[in-house]
Undergrad: 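First the structure, which I've put down as structure tokens, then a few questions once you've had a look.
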Amino acid sequence: MKTDYKQIRMNEEINLLIEKGNATLNELGYTEHSKKHASKTAETAGKILKELGYGKHKTELAKIAGYMHDIGNSINRHDHAHSGAILAYQILKDTDMPLKDILVVTTAIGHHDEATGAAVDGVSAALILADKTDVRRNRVQNRNKATFDIHDRVNYAALSSKLIIQKEKRIIQMELELDDSICTVMDYFEIFLKRMMMCRRAAERLNCKFKLVANGNKLC
């Protein structure tokens with residue numbers, strides 16, 4: 001595999017699409033979807049497959065899909081997974097990546113949104129889990145706390161968030177610590193229930209169980 005994750009991260013076109021998408025979402029009041037989110041998603045997706053023994057090749061494809069998954073936001077937030085997959089296909093076609101690998105990446109990108117997507121293979125499952133569990137305070141781009149919406153409050157309340165893979169037990173566990181003076185666990189579920197359901201199904205695609213622990217309480 002000649003085109004690798006390192007090259008994708010250095011690709012000017014991809015980085016411009018990511019940053020344009022994030023700038024647009026910032027204007028619309030969304031949380032951060034910059035290169036930081038792209039990198040974190042990529043590294044987490046790769047970690048999931050690596051620790052579950054999926055091999056270097058699949059791990060690399062998951063990292064590439066993770067880094068590119070939100071480029072569709074540069075066109076419009078609505079249907080961004082599908083437009084992002086089409087953009088990714090056109091970009092990757094100009095590289096030396098084999099077509100079968102391009103299709104794995106674009107399928108994962110096209111299926112990462114909870115409104116229309118589903119885990120259809122290991123790479124798409126890893127991308128979903130990595131993307132939906134990226135909850136952290138510095139994703140909040142709105143600096144005026146008085147105007148925080150529920151998405152801002154949930155992310156700002158996140159004191160820590162980590163994903164633990166237990167290979168032998170086949171468990172993927174998200175451990176979340178929330179400042180409940182800012183946001184309650186019920187607030188979290190109000191906006192993230194569909195995402196957590198998607199994570200559960202993605203974990204099942206990897207022959208694992210998904211568990212969520214919030215403030216020390218096992219919720220699922």
Side-chain angles (χ1 to χ4, degrees), residues 5 8 14 17-18 21-22 24-25 28 30-34 37-49 52 54 58-93 97 99-135 139 151 154-155 161 163 165 172-174 188-212 220:
Y5 171 58
I8 293 298
I14 293 169
L17 287 168
I18 292 170
N22 184 55
T24 300
L25 294 186
L28 295 173
Y30 283 83
T31 51
E32 174 261 328
H33 288 72
S34 69
H37 172 62
S39 298
K40 183 169 177 56
T41 302
E43 295 295 339
T44 302
K47 172 187 173 183
I48 292 167
L49 293 193
L52 291 176
Y54 273 75
K58 286 284 178 66
T59 298
E60 196 75 3
L61 292 179
K63 291 167 75 172
I64 290 170
Y67 195 74
M68 298 181 72
H69 77 284
D70 270 339
I71 59 176
N73 284 321
S74 61
I75 296 175
N76 197 296
R77 178 61 180 176
H78 179 70
D79 221 15
H80 75 287
H82 301 157
S83 55
I86 294 168
L87 284 170
Y89 182 82
Q90 294 299 324
I91 293 168
L92 296 175
K93 280 274 284 183
M97 185 182 290
L99 180 57
K100 63 179 183 179
D101 289 342
I102 293 173
L103 294 176
V104 170
V105 170
T106 56
T107 296
I109 293 171
H111 278 272
H112 85 270
D113 186 68
E114 61 268 22
T116 58
V120 295
D121 57 22
V123 171
S124 61
L127 170 55
I128 288 166
L129 285 159
D131 178 39
K132 305 311 174 192
T133 58
D134 184 15
V135 181
R139 289 198 70 185
H151 292 82
V154 168
N155 280 280
S161 175
L163 201 64
I165 295 93
I172 298 173
Q173 181 166 302
M174 180 182 182
Y188 177 86
F189 265 97
E190 182 180 341
I191 63 168
F192 284 129
L193 179 58
K194 286 185 178 179
R195 299 182 191 183
M196 294 300 98
M197 294 287 288
M198 195 180 197
C199 284
R200 187 185 72 180
R201 297 187 183 106
E204 289 171 354
R205 176 63 66 173
L206 298 171
N207 193 29
C208 292
K209 290 183 178 180
F210 178 74
K211 295 186 180 296
L212 173 63
C220 65

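Each residue takes its place number in the sequence, starting with 1. Just so it is clear, the structure is predicted and the values come from calculations on it, not from any experiment.
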Undergrad: For a 4.5 angstrom cut-off between non-hydrogen side-chain atoms, does I91 reach L17?
TA: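 I91 reaches L17 side chain to side chain.
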
Undergrad: Is there a donor-acceptor contact under 3.5 Å from the side chain of E32 to the main chain of N22?
TA: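 Side chain of E32 to backbone of N22: no pair is present.
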
Undergrad: Do T31 and H37 have side chains that get closer than 4.5 Å, going by heavy atoms?
TA: no

Undergrad: Are M197 and K194 side-chain neighbours, meaning at least one heavy-atom pair lies under 4.5 Å?
TA: no

Undergrad: Return the OG1 to CZ distance between T133 and R195, rounded to the nearest 0.5 Å.
TA: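 One gets 11.0 Å once the value is rounded to the nearest 0.5 Å.
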
Undergrad: Quick one: closest heavy-atom pair of A108 and V123, and the distance?
TA: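 Distance-wise, the nearest heavy atoms are CB-CG1, 3.9 Å.
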
Undergrad: Of all the heavy-atom pairs spanning K93 and L99, show the shortest one and how long it is.
TA: CD-CD1, 4.5 Å

Undergrad: What is the distance from atom CG of L49 to atom CG of L206, rounded to the nearest 0.5 Å?
TA: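 Answer for the CG-CG pair, L49 versus L206, is 6.5 Å.
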
Undergrad: Flag the pair H112 / H80 as yes when their ring centroid distance falls below 6.0 Å, and as no otherwise.
TA: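 Centroid distance H112-H80: below 6.0 Å, so yes.
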
Undergrad: Would D79 and D113 count as a side-chain contact (heavy atoms from CB on, under 4.5 Å) here? Give the steps.
TA: CA-CA 9 Å; D79 221 15; D113 186 68; over 6 Å; no

Undergrad: With heavy-atom distances below 4.5 Å as the criterion, would you say the side chains of L103 and Y89 are in contact?
TA: yes

Undergrad: Whether the H69 and H33 side chains hold a donor-acceptor pair (N or O, under 3.5 Å, no angle test) is what I'd like checked.
TA: no

Undergrad: Looking only at heavy atoms, which two atoms of A130 and A45 are closest? And how far apart?
TA: CB-N, 3.5 Å

Undergrad: Would you call L212 and F192 a side-chain contact if the rule is heavy atoms closer than 4.5 Å?
TA: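 No, their side chains stay 4.5 Å or more apart.
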
Undergrad: For the residue pair A85 and I109, what are the closest heavy atoms and their distance?
TA: N-CG2, 3.6 Å

Undergrad: Taking the side chain from R205 and the backbone from A125, do they hold a donor-acceptor pair closer than 3.5 Å?
TA: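 No, R205 side chain to A125 backbone: no donor-acceptor pair under 3.5 Å.
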
Undergrad: Do F210 and M198 have side chains that get closer than 4.5 Å, going by heavy atoms?
TA: no

Undergrad: side-chain contact (heavy atoms from CB on, under 4.5 Å), that's the test. Do L129 and T44 meet it? Break it down for me.
TA: CA-CA 8 Å; L129 285 159; T44 302; over 6 Å; no

Undergrad: Would you compute the distance between atom CE of M174 and atom NZ of K132 and round it to the nearest 0.5 angstrom?
TA: 12.0 Å

Undergrad: Would you check if the side chain of R139 reaches a backbone N or O of D134 as a donor-acceptor pair within less than 3.5 Å?
TA: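 Side chain of R139 to backbone of D134, a donor-acceptor pair under 3.5 Å: yes, one is there.
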
Undergrad: With side chains defined as the heavy atoms from C-beta onward, is the minimum distance between I75 and L87 less than 4.5 Å?
TA: yes

Undergrad: Quick one: OG1 on T116 to NE2 on H111, what's the gap to the nearest 0.5 Å?
TA: 8.0 Å

Undergrad: Closest heavy-atom contact between G46 and K63?
TA: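 Minimum heavy-atom separation between G46 and K63: CA-CG, 3.6 Å.
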
Undergrad: Just so I know, are the side chains of N73 and T24 near enough to count as touching, which here means a heavy-atom distance under 4.5 Å?
TA: no

Undergrad: Measuring from I18:CD1 to S39:OG, what's the distance to the nearest 0.5 Å?
TA: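 Those atoms lie 7.5 Å apart.
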
Undergrad: Find the distance between OG1 (T107) and CG (L61) and round it off to the nearest 0.5 Å.
TA: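 Taking OG1 in T107 and CG in L61, the distance rounds to 11.0 Å.
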
Undergrad: On a heavy-atom basis, which atom in A119 and which in A202 lie closest, and how many Å separate them?
TA: CB-CA, 3.7 Å

